[in-house]
Amino acid sequence: MKNLQYKDIIRRYGILIGLIGLIIAFSILSERFFTISNMLIVMRQTSIVAFLGIGMTFVILGAGIDLSVGSVLAFSGAVAAGVMQSRGIFLGILAGLAVGTALGAFSGLVITKLRIPAFIATLAMMAIARGGTLVYTDGRPVTGLPSSFAFLGRGYIGDIPFPIILMLVTFVLAYIILKLTRFGRYVYATGGNIDAARASGIKVDNIIISNFAISGFLSGLTGIVLSSRLNSAQPTAGMGYELDAIAAVVLGGTNLFGGEGELWGTLIGAFIMGILNNGLNMINVSSFYQQVVKGIVILIAVTVAQSGKK
Amino acid sequence: MKNLQYKDIIRRYGILIGLIGLIIAFSILSERFFTISNMLIVMRQTSIVAFLGIGMTFVILGAGIDLSVGSVLAFSGAVAAGVMQSRGIFLGILAGLAVGTALGAFSGLVITKLRIPAFIATLAMMAIARGGTLVYTDGRPVTGLPSSFAFLGRGYIGDIPFPIILMLVTFVLAYIILKLTRFGRYVYATGGNIDAARASGIKVDNIIISNFAISGFLSGLTGIVLSSRLNSAQPTAGMGYELDAIAAVVLGGTNLFGGEGELWGTLIGAFIMGILNNGLNMINVSSFYQQVVKGIVILIAVTVAQSGKK
Amino acid sequence: MNKIALEFINISKSFPGVKALKKVSIKIKQAKVHAIVGENGAGKSTLMKIAVGELLRDTGTIKVFDREAQINSPSDGYHYGISLIHQEFSLVPTLDVVQNIFLGREITKGPLSFLDSNQMYKRTEEILDFLKMFHLDPHLKIEDLTIAQKQVVEIAKALSLNSKIIIMDEPSAALTLEETHRLFEVVRELKSRGVTTLFISHRIEEIFEIADEVSILRDGELILTKQVAQIDRKQVINNMVGRSLEFVFPPKAKQKKEAKVILEVKKITKERQFSDISFQLKEGEIIGLAGLVGSGRSEVALSLFGLNHLDKGEIFLQGKTVKINSPFEAIRNGLALLPEDRRELGLVIVRNVLENLTLPDLYWDIARKYFIDLKKEISLAKGVQKELAIRFASLSQKVESLSGGNQQKVVVGKWLLTKPKILIMDEPTRGIDVGAKLEIYNIVNTLAKKGIGIIFISSEFSEILGVAHRILVMSEGRITKELDPKSTKEEDILKFATRKKVS
Amino acid sequence: MTVGLSVSTLNNPFFVILRDGAIEQAKVLDIDLVVMDAQNDPAKQMSDIEDLVQKKVDVILLNPTDADALVPAVEDANKAGIPLLTIDRSVNGGDVALHIASDNVKGGEMAGAYTVEQLGEKGIVVELEGITGASAARERGQGFDTYIAEFSGIKLAAKQTADFDRAKGMSVMENILQAQPKIDAVFAQNDEMALGAVQAIKAAKRQDEMFVVGFDAVPDALNAIKAGDMKATIAQQPWMMGVLGVMNGYLVVSGVELGIEFIPVPLKVITE
Ligand SMILES: Nc1ncnc2c1ncn2[C@@H]1O[C@H](COP(=O)(O)OP(=O)(O)OP(=O)(O)O)[C@@H](O)[C@H]1O
Ligand SMILES: Nc1ncnc2c1ncn2[C@@H]1O[C@H](COP(=O)(O)OP(=O)(O)OP(=O)(O)O)[C@@H](O)[C@H]1O
Ligand SMILES: [Mg+2]
Ligand SMILES: [Mg+2]
């Protein structure tokens, strides 16, 4: 019950140890693994979960949960692609981000004003947005996107893939918001003890709504990047990503019940999963065994992380 | 935030109102909806989510979460089917239940002894059990089950499908355990305030492990019933069922953070979802719009439930 | 000059099952200390929460400096310059001291108005220095603080608002003499600056020490408001309880000559918490464990009860050495612990009174064979309710919604049901009213008569003197002195409680 | 030599068989085969291809989850100079050394044709769709729907999704059976759903009223047809696709000029 700070520190660095252990293990098992080119690939692959995870971190720190990220991602991606065809890249991207943010904010409103548990509200949004995507795309991928749009998901700045840069920028901004602004402080407070936060004059409803709007915005961004990577908007994009995003957050040591956690833990959590997927492919574990191995490795990684606590 | 008792009552009956409203709506839209035969069909379909939901209720009341139910279901079903082929129905069923319970208990052990968050532990188990199933079945359905095995999933007692009876029996037993036994009390206390529970002499670890074992056992049962219904064990059985099960629990008014909630709320939650699927099929809503409708209806149902609160 | 700083006019509030306030009207004069007293559940906290807008009144009006105030939401109180020191603390456990003190009014800097952590840290240190209570590291998370420390943070937060009106809901309950006196100095200082204070306490003597006026509530009704000068201790108590009640410590249970030792601890030590604690407890004996905040009493209690592991030392029960590694084993060995922080270790606040009362006893009695004997359970629960005069609408009421004192009584009750041989009480009378205190003292005596050994931890030295057969004084994790109450005064205790070296 | 095979999903026996064909052939040729399961997620498949490129496999066999989404992946492979063959589904861009085709749209049409014929151009039909938005579901549905639309006598009474899943196939069919008093034929966009539907129809004792047509010709379906529970299924011969894939991949790497860029794997309607 006492000295949690110490615990926190271990929790944070613990998971980092897990990540490093993983990298070492794979480096031993495959000489192709720990190369610059492969690490860049891993990071680019990770960026998708990272975007979602960063948004999810806000939501979970505020003691919420967002199951709709995968569907919102798909809807935003589809709308962006659709608008892009006729009105050009810029408006397309704008439209996509707008849709994502709006859907997120809507979830937030439902949760705060109708007092519906976040789990249910976003589960409903998950279905609505997915359905909306299917209706909007008529179940077909949206293709024929302007070629310059490719840059977003497949371009490079120097030798660095653009999504990686975008991920880092997003991370830094999110970190600043969470650590240096009142809003960030209020996110922690709301998740830590909503009554005390309210009693301190914090408009907790607005905090919660903003959290979901942020998550929605980043889902939208992810959808756009993904469409660029896949050169098309898929109606089925992002299915099941909500679990990956939440997993990244919780792997990162954030308390699923809110109030405690660090943004960069999420980044590490996302990497652990990205490395796992890539590494297991590199050392070609048969796809059936991959899942078993994946599960076991996650347990080991987290155990390492926790072990420090005692 | 205050006078919770009153809230509780509304919360409970509220969701019931939601269910009734749904039934009325569908009855108006399709004259064939509210018939005995269809209601029996709905109940039989619901039984699957109900079994999982009942187990999940124990877990969530104890402030945990179990993402592995779908995979455990598949694994148990496959093992049961496999054993059955060579060693007969009885041993097959036994094996299936044993596997489910063991996997659940294992999750519980990981959570309590290694201090890994339930979300991560069961996410890992989700992957492990799914992988295990694929390995065990080599990705193919297990078929050629003894014909008398059909009774479990497709048999009738009088005019009542056996799964329905099994569901009611399970519910009653679970209800008794939760409400009339020491263990049940301990589940609520552990979920409500684990430190106070421990300080009251409760062996909280055992309670948590038992909760997950119960969830695993019921997942196993579900897997067996499903295999019987499909006359084969599917390696992909139960994918995504964890969300349905959790949704049933939360729809039923149980607090996702533990300590508060009623078992029969879960049953109603399961029915709401069963009715939705059945009704939307009956009135043949295009599969594109179906999800949109589903999401909106869930929001409305819960809003009705909550509205009473103010 | 006596302007009216705050005025309640016909305030009523009811909760399901109770009318918490019935047309209460009180005038609070500016720059005065106005005490509100009443039994547990009388409605004090409810009225105060209404004053700052954390609860919404059903009827009635609130005036601040003679103007009607629209106080309908938690932030409104702050805008009208009213701040509340909560009885059940209103802090964010996952944030640290600084973050809590400035929550909602963070100091920012720069064009982007980023948080100015250094500034806030400095101001926090200033506030804590001004309070001059014990040292407290501003970077500690609230969840890592002892209850006394939490209380101090709660006070510091309210003061840092520089409000014109400060409401203190039992601020002294979790404090020891020293800090309480310091708190009073602070209150006087504020008073001299024209700040108005509402002060709630169950320690009547404090009323007479600090208050100018006193209002007495009973069952949600205002009984009277008087100048403290024009009323005496006895009148206050009688008006509170509504009958004539003599507040004197009941005669202590006689100790049998042949009483044998039931508990002996030899040189138990826990790193950085306490060291070389040794004492014997005889059956029917009441040991008073006195000390200041942080002296290690609670940690000793937790260790005896198996919630903390010991680094060194032995524990003997009935002469046999035992290892107690869990509360379960502790209870099996006939121990019971009344923890100092009821919300952390005492209660499952989201569950109802019945379930909380019988929780520890289920295994040993009510549900011996798995199934719960509901009849027995309810009758036992009703039994302690009567014995302790616990006030609630029904056994199925959530503990959350009980008044602070009644919550405390529920914790006492739940341990009485386990019929312990050794009862450790850590600040058992914290926040409970005089009537209930007497009841507790009587219970302690009756239990002692039954041969139960009791370790009575308290920060109220008068109480220790009035209850204990023998007093052990702790300071900085060591027992500095054993005292005999018959020949001891409060100052003596304080002397050894602040003594650094072992005598 | 190492061959990389990226399968759209192994959660469907059809592709498991395709994989087994490939494994078998790899054994015969005594070469290494790496199989990756995209779990129906184009993004995951793109990552898998990237990983294969990183591993510097000699040739990639791609069974795309989507025709457009994988174009960039194909281009990556091209850039890395790794020859790439597509199996079952094609991609709309990049250089593909060889496409081993089996046209879903065509298959849908065949199913439609067979159904119409069996019904004598007159009857009430129910369709079970796969995962909404997934390309297989799209194309098979498109083929079937456009074909039967020609016939005024054929009425598509219900069209509902069952996510390619047997359990869902059963419950959805149960519900449709409740709603539809009269059904003459059921077309399921894969055999899994068809087999689920069969269970539902039998349970409702309406097997004599209607027949079921599936897609993929997985073993269970073939047994069901033998047992008379199903009427027909569309065979895409996944095993052969796997075999052909590895074989031609081997040839390409060994520098053999194929001379063709397209091997059609004949579809056939299996009725016994
Ligand atoms: N949220 C609530 N729901 C139901 N009843 C409540 C609630 N809050 C307070 N009450 C009831 O209102 C009455 C007054 O409670 P209050 O906390 O004001 O008493 P108090 O005077 O502060 O007592 P104490 O000295 O023990 O703190 C009590 O009977 C209590 O049970
Ligand atoms: N004021 C304080 N400053 C620093 N640490 C403290 C303080 N109070 C308690 N602690 C921590 O708790 C330990 C013992 O506190 P404990 O609560 O047991 O003391 P106590 O005598 O019970 O005082 P109280 O219960 O009144 O806070 C100390 O060794 C220290 O680690
Ligand atoms: Mg109070
Ligand atoms: Mg203490």
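Below, read A as the first sequence line, B as the second, and so on, with proteins coming before strands; counting in each chain starts at 1.
In plain terms, the two heavy atoms of Ala167(D) and Leu226(B) that are nearest each other are CB-CD1, 4.4 Å.
When heavy atoms are compared at a cutoff of 4.5 Å, Pro181(D) approaches chain B by way of both its backbone and its side chain. Using a 4.5 Å cut-off between heavy atoms, Leu280(B) contacts chain D through its backbone alone, with no side-chain atom that close. Only the backbone of Ala157(D) comes within contact range of chain B, judged by heavy atoms closer than 4.5 Å. Of the atoms belonging to Val285(B), it is backbone heavy atoms, and not side-chain ones, that fall under 4.5 Å from chain D.
Within a 6.0 Å sphere centred on CZ of Phe34(B), heavy atoms belonging to other residues, nucleotides or ligands number 12 at most.
Identified under the ring pair (Phe, Tyr, Trp, His ring centres under 6.0 Å) test for residues 166-212 of chain D, with sequence neighbours left out: Phe144(D)-Phe187(D).
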Scan chain B against chain D and return every donor-acceptor pair whose distance is under 3.5 Å.
residue   : atom : partner   : partner atom : Å
Arg32(B)  : NH1  : Gln178(D) : O            : 2.6
Ser37(B)  : OG   : Gln178(D) : OE1          : 3.1
Asn38(B)  : N    : Gln178(D) : OE1          : 3.4
Arg44(B)  : NH2  : Glu174(D) : OE2          : 3.1
Gln45(B)  : NE2  : Ser171(D) : O            : 3.1
Gln45(B)  : NE2  : Glu174(D) : OE1          : 2.7
Gln45(B)  : NE2  : Asn175(D) : OD1          : 2.8
Asp138(B) : OD1  : Arg19(D)  : NH2          : 3.2
Arg140(B) : NH2  : Asp20(D)  : OD2          : 2.1
Arg154(B) : NH1  : Gln199(D) : OE1          : 3.3
Arg229(B) : NH2  : Glu174(D) : OE1          : 3.4
Arg229(B) : NH2  : Glu174(D) : OE2          : 2.1
Ser232(B) : OG   : Arg166(D) : NH1          : 2.7
Asn278(B) : ND2  : Asn175(D) : OD1          : 2.7
Asn281(B) : OD1  : Asn175(D) : ND2          : 2.9
Asn281(B) : ND2  : Gln160(D) : OE1          : 2.4
Asn284(B) : OD1  : Lys159(D) : N            : 3.4
Asn284(B) : OD1  : Gln160(D) : NE2          : 2.9
Asn284(B) : ND2  : Ala157(D) : O            : 3.3
Val285(B) : O    : Gln160(D) : NE2          : 2.8
Ser287(B) : OG   : Glu129(D) : OE1          : 2.7
Gln290(B) : NE2  : Gln160(D) : OE1          : 2.6

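For the set Ala158(D), Gly196(D), Ala203(D), Ala200(D), the count of heavy-atom pairs under 4.5 angstrom toward chain B peaks at Ala158(D).
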